[in-house]
Enquirer: 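Mind having a look at this structure? Questions to follow.
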Amino acid sequence: MSGTAERLDAFMARANAAYYANRDPFADFTTAPEITQVFGELLGAWAAVTWQAMGAPDPVVLAEAGPGRGTLMADALRAIRQTAPGFAAALRLHLVETSPGLRTVQAAKLPGAAWHGRIEDLPPGPLLLLANEFLDALPIRQFVRHGTGWAERFVADGVFTEAPGGQPRWPGLTWPSTDAAAAASPLADGDIVEVGEAAHAIAATLAARIARDGGAALFIDYGPEHSAPGDSLQAIMGGKPCDPLANPGSADLTAHVDFAALARAARAAGAAVQGPVPQGVFLARLGLFQRSGALGRSNPARAAGLMHAAQRLAEPDRMGRLFKALAICHPDLPILPGFAA
Ligand code: SAH
C-alpha cells in the first residue's frame with residue numbers, strides 16, 4: 001500500500017461527489033422515471049395510500065432522496081393532486097440532494113421544495129420518503145478473504161491495493177455467520193465481500209425516526225435479495241462500462257444494494273421492513289400495465305411506447321428482477337401496496 005492509497009469508500013465518495021456535481025448523469029444512464037411517467041405516478045399513489053394508513057397526518061413530510069431531474073416527484077405530485085387532494089394539501093416537499101446543478105434542474109420542476117444535503121437534516125415529524133437509484137451511488141467498502149483472515153481494498157494510482165486486517169461488519173451480522181444465505185455460499189480464498197456502511201447508516205437513521213414519528217421510506221434499487229460474496233462495483237462513462245478506478249469524477253460509480261443487510265439495519269433500529277419484492281412484481285401490483293394501457297388509449301400515438309416502457313421496467317431479464325422495492329416503515333402500519341402476495 002503506497003502513501004497515497006485511499007480506502008475504497010473514500011475514493012467512491014470523492015469520485016461520485018465530483019461526478020454528480022459536474023456532469024449530467026443522464027447523459028450516461030437512464031432511470032425508471034425517465035423511461036415512463038407511470039413509474040412516478042404509481043409511487044405517488046403508493047405514498048397517498050400509505051399516508052391514509054398512517055392516519056392522514058397533516059402536515060406530513062414528503063421527501064425524495066437523490067431526485068435526479070425531479071421527474072419522479074413531478075409525476076408523483078401530479079397523480080397525488082388528481083387522486084388525493086387531502087394528501088396534496090398536507091404534504092411539505094423536501095428533497096435530499098448534494099449536487100448544485102441537479103438542485104437547479106429540480107427547482108424548475110418542483111416549485112416550493114426545500115433542499116437538504118443529508119437525510120439526517122430532514123425536519124422531524126411523520127415522513128414519507130421515496131428513493132430510486134439513490135443507495136447504489138453510496139460508497140462501499142470491500143474486503144478480500146485470505147485464509148481465515150481479511151484484507152481491505154484501497155485505491156492507489158488508479159489500481160487496487162490491499163491492506164491486511166480489518167473485519168467486515170454488517171448490522172446484526174458478522175461474517176461468516178449463521179445467516180442461511182451466507183452459510184449457503186461459504187467463502188473461498190480471494191472472495192470479495194462488500195459492506196455498504198453509508199446505506200446501513202441511512203437505513204438506521206430513517207428507521208429510528210420512523211419508529212418515533214411514524215411513516216415509511218420506499219427504496220427502489222438493484223441488488224440481490226440475499227447477501228452474497230462478489231465484486232459489484234461498476235462504472236459507466238459515456239453510456240459504456242469502464243474501469244471504476246481509472247476516471248474518478250468522470251464516471252458514475254455504483255454498487256449493488258445489499259437488501260438483506262439494509263433490512264437488518266432498519267429492524268435493529270426499531271422499524272419494520274416490507275420486501276424486498278422484485279420491481280416487476282411490485283409495479284405490476286401497483287397497476288403498471290393498467291395505467292400504461294389507459295394512458296395509451298387516451299393518446300394512441302404513445303400507446304406502443306408506453307407499453308414497451310412498462311415491459312422494460314417489469315420483465316425479469318430486463319429491470320424487473322434485479323431491481324427491488326423495500327419499505328422501512330412504522331411497525332403499526334399494515335402491509336403496504338405492492339408488498340402483499
Ligand atoms: N432518483 C433519480 C436519480 C438517480 S441518480 C432517478 O431515478 O432518475 C442519483 C441521485 O442521487 C442524483 O440526484 C445524485 O445527485 C444524488 N446523490 C448521489 N449521492 C448522493 C448523496 N450522497 N447525497 C445526496 N444525494 C446524492
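Just so you know, ligand 1 is whichever comes first in the structure, and atom 1 is the first atom listed for that ligand. Fair warning: this is a prediction, and the values are worked out from it, not measured in the lab.
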Enquirer: Show every donor-acceptor pair shorter than 3.5 Å between a side-chain atom in residues 46-55 and any protein atom, with sequence neighbours excluded, or say none if there are none.
Expert:
unit_1: Trp46; atom_1: NE1; unit_2: Pro337; atom_2: O; d: 3.0
unit_1: Thr50; atom_1: OG1; unit_2: Trp46; atom_2: O; d: 2.8
unit_1: Trp51; atom_1: NE1; unit_2: Pro57; atom_2: O; d: 2.7

Enquirer: Going by the ring-ring contact (aromatic ring centres under 6.0 Å, His included) test, which pairs reach into residues 99-147, not counting sequence neighbours?
Expert: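 Those involving residues 99-147 are His94-His116.
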
Enquirer: Indicate, with yes or no, if the rings of Phe11 and Phe154 have centres closer together than 6.0 Å.
Expert: no

Enquirer: So what's ligand 1 close to, N/O to N/O, under 3.5 Å?
Expert:
unit_1: ligand 1; atom_1: 1 (N); unit_2: Gly66; atom_2: O; d: 2.7
unit_1: ligand 1; atom_1: 1 (N); unit_2: Asn132; atom_2: O; d: 2.7
unit_1: ligand 1; atom_1: 7 (O); unit_2: Thr31; atom_2: OG1; d: 3.4
unit_1: ligand 1; atom_1: 7 (O); unit_2: Asn132; atom_2: ND2; d: 2.8
unit_1: ligand 1; atom_1: 8 (O); unit_2: Thr31; atom_2: OG1; d: 2.5
unit_1: ligand 1; atom_1: 13 (O); unit_2: Gly68; atom_2: N; d: 3.0
unit_1: ligand 1; atom_1: 13 (O); unit_2: Glu97; atom_2: OE1; d: 2.6
unit_1: ligand 1; atom_1: 15 (O); unit_2: Glu97; atom_2: OE1; d: 3.4
unit_1: ligand 1; atom_1: 15 (O); unit_2: Glu97; atom_2: OE2; d: 2.5

Enquirer: Does either side chain, that of Gln142 or that of Glu152, offer a donor lying less than 3.5 Å from an acceptor on the other one?
Expert: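 Judged by distance alone, the side chains do not pair up.
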
Enquirer: Are any side-chain N or O atoms of Lys324 and backbone N or O atoms of Leu322, one a donor and one an acceptor, separated by less than 3.5 Å?
Expert: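 Yes, Lys324 side chain to Leu322 backbone: donor-acceptor pair under 3.5 Å.
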
Enquirer: Can you name the side chain to side chain donor-acceptor pair (under 3.5 Å) partners of Thr36, sequence neighbours left out?
Expert: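 None.
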
